[in-house]
Peer 1: 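Can you read through this structure? Questions will come right after.
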Amino acid sequence: MAPRTTIAEISRYDGQTVTLSGWLYNKTHKGKLIFMMLRDGTGFIQAVIFKDNFTETFFEELQRLPQESSIKVTGQVRADKRARGGYELQASEVDVVQMAQEYPISPKEHGIDFLMDQRHLWLRSSKPHAILKVRHQVIAACREYFNNLGFLLLDAPIFTPAACEGTTTLFETDYFDDKAYLTQSGQLYMEAGAMAFGKVYCLGPTFRAEKSKTRRHLTEFWMIEPEVAYCDLDQDMDLAEGMILHILEQVLQKNRDELELLERDISKLEIIKRPFPRITYDEAVQILAKSGNEFVYGNDFGAPDETVISEKYTSPIMVTRYPASVKAFYMKNDPDDPQKALCVDMLAPEGYGEIIGGGQREDDYDTLLQKIKSHGLPIEPFEWYLDLRRYGSVPHAGFGLGIERTVAWICGIKHVREAIPFPRTMSRIYP
RNA sequence: UCCGGUGUAGCUCAAUCGGCAGAGCGGGUGGCUGUUAACCACUAGGUUGUAGGUUCGAGUCCUACCACCGGAGCCA
């Protein structure tokens, strides 16, 4: 029997006879020839079927074979300028594993709603393939980065007893005779982890019941959240910057084919170098003022504001020291300016907006207690969190990176819904 | 939740002033030895989102509802 191989490694088999197992991606025929574009998950290759090598009836059956039928093709690999990818398979044997029904996704244009209804099938197409391979690399690079720095992976719970930042954006579930909420962030648990292990991170899905309908929002999205004990805001920013650079380096090295298929302008990623500009909220407000934007000092930036600010730069930028009033209760105030928080948002270039939010955490017990109260939050669910300040509190900091926004930026795609295999939005929970 | 837009064949879209519902792709049949989202010929395919209303006549105008798209707020 001919050795079985994959399309990705086909160039090693030039001249040899192999069997490829996959699916019929597309086909065209011309008289005594059928050109079958075969995919096997690792790549695409054209198989050429010549009528004289098969029986009349089987050749006619192959001519009618529907898209996405599963097939095994045996044949000789040969380099051919006329074939996309440089190699094609001269088929000597075709085994139809299953003849598919009429496939709904043709190689022509489709609308996004139709494609999302067919997401379980759309995953087979080349564009979702490319994006999800980049996603894989982004996640792999993040984990590699933290693992190499001696971080411990510490998984955070999905069911949580209370909100980090109010309850309006939480998904509520029945939890036996009680209520539980789907997590919005693993951060508070990572703070406990940092006090136990020094440097930890978590990676997992988080949930927001926001009725958001924009290209940057999902109700279920993935975050990677590191947290470090004995760490201040500047060190936190160094960590975030290093992580982004490592992600870019890995994707640019390993996913060039995917970025090319997505028609990404790679030069915009290649010019990104250390150090990323670090500006304060006040400086960002000045940029807005110079651009003639109407902006009320003290507010948080909206999406159009972020775009105006980030368009001034070609690399991601880090904006620090927002007014404490617009930030979460656990943020530490700047000792030099108590109205400001020691926080940082990283804004991706090209208008992709915020991909990282983080900062130094409030480590003083009394101050934290006051903040919980002044944010109108109940004390009791946070008793365990306050314990972290009762027993050996230290300065610490961390951040959260949104995986889908990062993937969307790197891929140059418009909407985060394509950066996750099965997106969950306000109006979609199927398939 | 608010603002704007779109709903017509399996898919992507046309249909002029309110006057015979169409095309391309996909499907089917036939042809062709080099196709890359092929080409040529023939062919099947419709409750025009739903419910009302105006009119001799509604895909087109009006009202309500539904779905989706884009944007805002909130955020990663």
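A note on names: the letters A, B, ... follow the listed sequences, proteins ahead of strands, and every chain is numbered from 1. Everything numeric in this text was worked out from a predicted model, so none of it was measured.
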Peer 1: Determine if the base of B:rC17 is syn or anti; take syn to mean the glycosidic torsion is within 90° of 0.
Peer 2: syn
Peer 1: Is B:rU50 paired to anything, Watson-Crick or G-U wobble with both distances less than 3.5 Å, and if yes, which nucleotide?
Peer 2: B:rA64
Peer 1: Decide if atom CD of A:Glu109 counts as having more than 12 heavy atoms of other residues, nucleotides or ligands within a radius under 6.0 Å.
Peer 2: no
Peer 1: B:rG26 C1' sits how many Å from A:Gln67 CD, rounded?
Peer 2: 9 Å
Peer 1: Do A:Tyr87 and A:Asp14 have a side chain donor and acceptor closer than 3.5 Å?
Peer 2: no
Peer 1: Below 3.5 Å, does any donor atom in the side chain of A:Ser212 face an acceptor in the base of B:rC74, or the other way round?
Peer 2: yes
Peer 1: Could you give the distance separating B:rU16 and B:rC69 at their P atoms, to the nearest angstrom?
Peer 2: 28 Å
Peer 1: For a quick check of understanding: with a heavy-atom distance under 4.0 Å over all strands, which category does A:Glu88 fall into, base, sugar-phosphate or nothing?
Peer 2: base
Peer 1: State, to 0.1 Å, how close A:Ala348 and A:Ile355 come at their nearest heavy-atom pair, and which atoms those are.
Peer 2: CB-CG2, 3.9 Å
Peer 1: Could you tell me whether A:Ile356 contacts a base, only the sugar-phosphate backbone, or nothing, with contacts defined as non-hydrogen atoms closer than 4.0 Å?
Peer 2: sugar-phosphate
Peer 1: Could you verify whether a donor N or O on one side chain and an acceptor N or O on the other, from A:Tyr201 and A:Glu227, lie under 3.5 Å apart?
Peer 2: no
Peer 1: Work out how far the P atom of B:rA51 is from that of B:rU60, and round it to whole angstrom.
Peer 2: 13 Å
Peer 1: Find the distance A:Met36:CE to B:rA38:P and express it as a whole number of Å.
Peer 2: 14 Å
Peer 1: Looking across every strand, which nucleic acid part, if any, lies under 4.0 Å from A:Glu404 by heavy atom: base, sugar-phosphate, or nothing?
Peer 2: nothing
Peer 1: Please report the distance separating the P of B:rU48 from the corresponding atom of B:rA58, rounded so that it comes out in whole Å.
Peer 2: 12 Å
Peer 1: Just verifying a value: how many Å separate A:Ile410 CD1 and A:Leu252 CG, rounded to the nearest 0.5 Å?
Peer 2: 8.0 Å
Peer 1: B:rU8 and B:rG46: how far apart are their C1' atoms, nearest whole angstrom?
Peer 2: 8 Å
Peer 1: Would you classify A:Gly302 as touching base, sugar-phosphate or nothing, given that sugar-phosphate means primed atoms plus P, OP1 and OP2, and contacts are heavy atoms under 4.0 Å?
Peer 2: sugar-phosphate
Peer 1: Counting any heavy atom closer than 4.0 Å, what does A:Leu33 reach on the DNA or RNA strands: base, sugar-phosphate only, or nothing?
Peer 2: base
Peer 1: Across all strands shown, which nucleotide pairs with B:rA9 by Watson-Crick or G-U wobble geometry, both distances under 3.5 Å?
Peer 2: none
Peer 1: Which nucleotide in the set B:rC75, B:rG73, B:rU12 lies at the smallest distance from any side-chain heavy atom of A:Glu109?
Peer 2: B:rU12
Peer 1: Nearest nucleotide by nearest heavy atom, which residue falls closer to the 5' end of RNA chain B, A:Phe114 or A:Leu401?
Peer 2: A:Phe114
Peer 1: Taking the C1' atom of each, how far is B:rC74 from B:rC66, in whole Å?
Peer 2: 26 Å
Peer 1: Side-chain polar contacts of residues 412-421 of chain A - donor-acceptor pairs under 3.5 angstrom, sequence neighbours left out - could you list them?
Peer 2:
from, atom 1, to, atom 2, distance (Å)
A:His415, ND1, A:Arg417, N, 3.0
A:His415, NE2, A:Thr214, O, 3.4
A:Glu418, OE1, A:Lys127, NZ, 3.4

Peer 1: Kindly say if A:Lys211 contacts the phosphate of B:rU1, meaning a side-chain N or O under 4.0 Å from OP1 or OP2.
Peer 2: yes
Peer 1: So which nucleotide from B:rA76, B:rG34, B:rA37 ends up closest to the side chain of A:Asn26?
Peer 2: B:rA37
Peer 1: Mind calculating the distance between CZ (A:Arg216) and C1' (B:rG73) to the nearest angstrom?
Peer 2: 12 Å
Peer 1: Rounded to the Å, how far apart are A:His29 NE2 and B:rG27 C1'?
Peer 2: 12 Å
Peer 1: As a test of reading the structure: which of B:rG34, B:rC11, B:rC75 is closest to the side chain of A:His217, going by heavy atoms?
Peer 2: B:rC75
Peer 1: From the list B:rA76, B:rC32, B:rU35, which nucleotide is the closest neighbour of the side chain of A:Arg405?
Peer 2: B:rA76
Peer 1: So A:Phe54 and A:Phe58, would you call those rings parallel, tilted or perpendicular, with 30° and 60° as cut-offs?
Peer 2: tilted
Peer 1: Under the criterion of centre distance below 5.5 Å and interplanar angle below 30°, is A:Phe221 classified as stacked on the base of B:rA76?
Peer 2: yes
Peer 1: Between A:Lys199 and A:Leu149, what is the shortest heavy-atom contact and its length?
Peer 2: NZ-O, 2.7 Å
Peer 1: Now, which nucleotide makes the Watson-Crick or G-U wobble pair with B:rG26, with each of the two distances under 3.5 Å?
Peer 2: none
Peer 1: Side-chain N or O of A:Lys30 versus OP1/OP2 of B:rG34: is the shortest distance under 4.0 Å?
Peer 2: yes
Peer 1: Specify the separation, in whole Å, of atom NZ of A:Lys32 and atom P of B:rG30.
Peer 2: 17 Å
Peer 1: Give me the distance, rounded to whole Å, that separates B:rA9 from B:rG45 when you measure between the C1' atoms they each carry.
Peer 2: 6 Å
Peer 1: Starting at OH of A:Tyr352 and ending at C1' of B:rC75, how long is that distance when rounded to a whole Å?
Peer 2: 18 Å
Peer 1: Going by purine N1 to pyrimidine N3 plus the second Watson-Crick contact, or the G-U wobble pair, all under 3.5 Å, which nucleotide sits opposite B:rC56?
Peer 2: B:rG19
Peer 1: Is the shortest side-chain heavy-atom distance between A:Ile272 and A:Pro316 below 4.5 Å?
Peer 2: yes
Peer 1: Identify each atom pair where a protein N or O and an N or O of nucleotides 67-70 of chain B are less than 3.5 Å apart, giving names and distance.
Peer 2:
from, atom 1, to, atom 2, distance (Å)
B:rC68, OP1, A:Ser427, O, 3.3
B:rC69, N4, A:Lys213, NZ, 3.3
B:rG70, OP1, A:Arg417, NH2, 2.7
B:rG70, OP2, A:Arg417, NH1, 3.3

Peer 1: From the set B:rU35, B:rU1, B:rG73, return the single nucleotide nearest to any side-chain atom of A:Met426.
Peer 2: B:rU1
Peer 1: For B:rA44, give its Watson-Crick or G-U wobble partner with both distances under 3.5 Å, or none.
Peer 2: none
Peer 1: Of all the nucleotides listed (B:rA76, B:rU35, B:rG27), which has the minimum atom distance to the side chain of A:Leu218?
Peer 2: B:rA76
Peer 1: Which base, if any, makes a Watson-Crick or G-U wobble pair with B:rG4, both distances under 3.5 Å?
Peer 2: B:rC69
Peer 1: Please give, in whole Å, the distance from B:rA37 C1' to A:Phe44 CZ?
Peer 2: 14 Å
Peer 1: For a quick check under 3.5 Å, do A:Thr169 and A:Gln184 share a side-chain donor-acceptor pair by atom type?
Peer 2: yes
Peer 1: Measuring from the side chain of A:Pro107 (C-beta onward, heavy atoms only), which nucleotide among B:rA37, B:rG34, B:rA72 has the closest atom?
Peer 2: B:rA37
Peer 1: With P as the reference atom in both, quote the distance from B:rA67 to B:rA44 in angstrom, rounded to an integer.
Peer 2: 37 Å
Peer 1: Starting the side chain at C-beta, find the nucleotide from B:rU35, B:rU1, B:rA76 nearest to A:Glu354.
Peer 2: B:rA76
Peer 1: For A:Glu249, is the CD atom crowded, meaning more than 12 foreign heavy atoms sit under 6.0 Å from it?
Peer 2: yes
Peer 1: What's the CG-C1' distance between A:Asp52 and B:rG34, to the nearest Å?
Peer 2: 15 Å
Peer 1: Can you check the distance between B:rC11 and B:rA72, where both ends of the measurement are the C1' atom (answer in whole Å)?
Peer 2: 32 Å
Peer 1: Classify the nucleic acid contact of A:Arg64 as base, sugar-phosphate or nothing, counting any heavy atom under 4.0 Å across all strands shown.
Peer 2: sugar-phosphate
Peer 1: Taking pairing as Watson-Crick or G-U wobble with both contacts under 3.5 Å, can you name the mate of B:rC32, or confirm there isn't one?
Peer 2: none
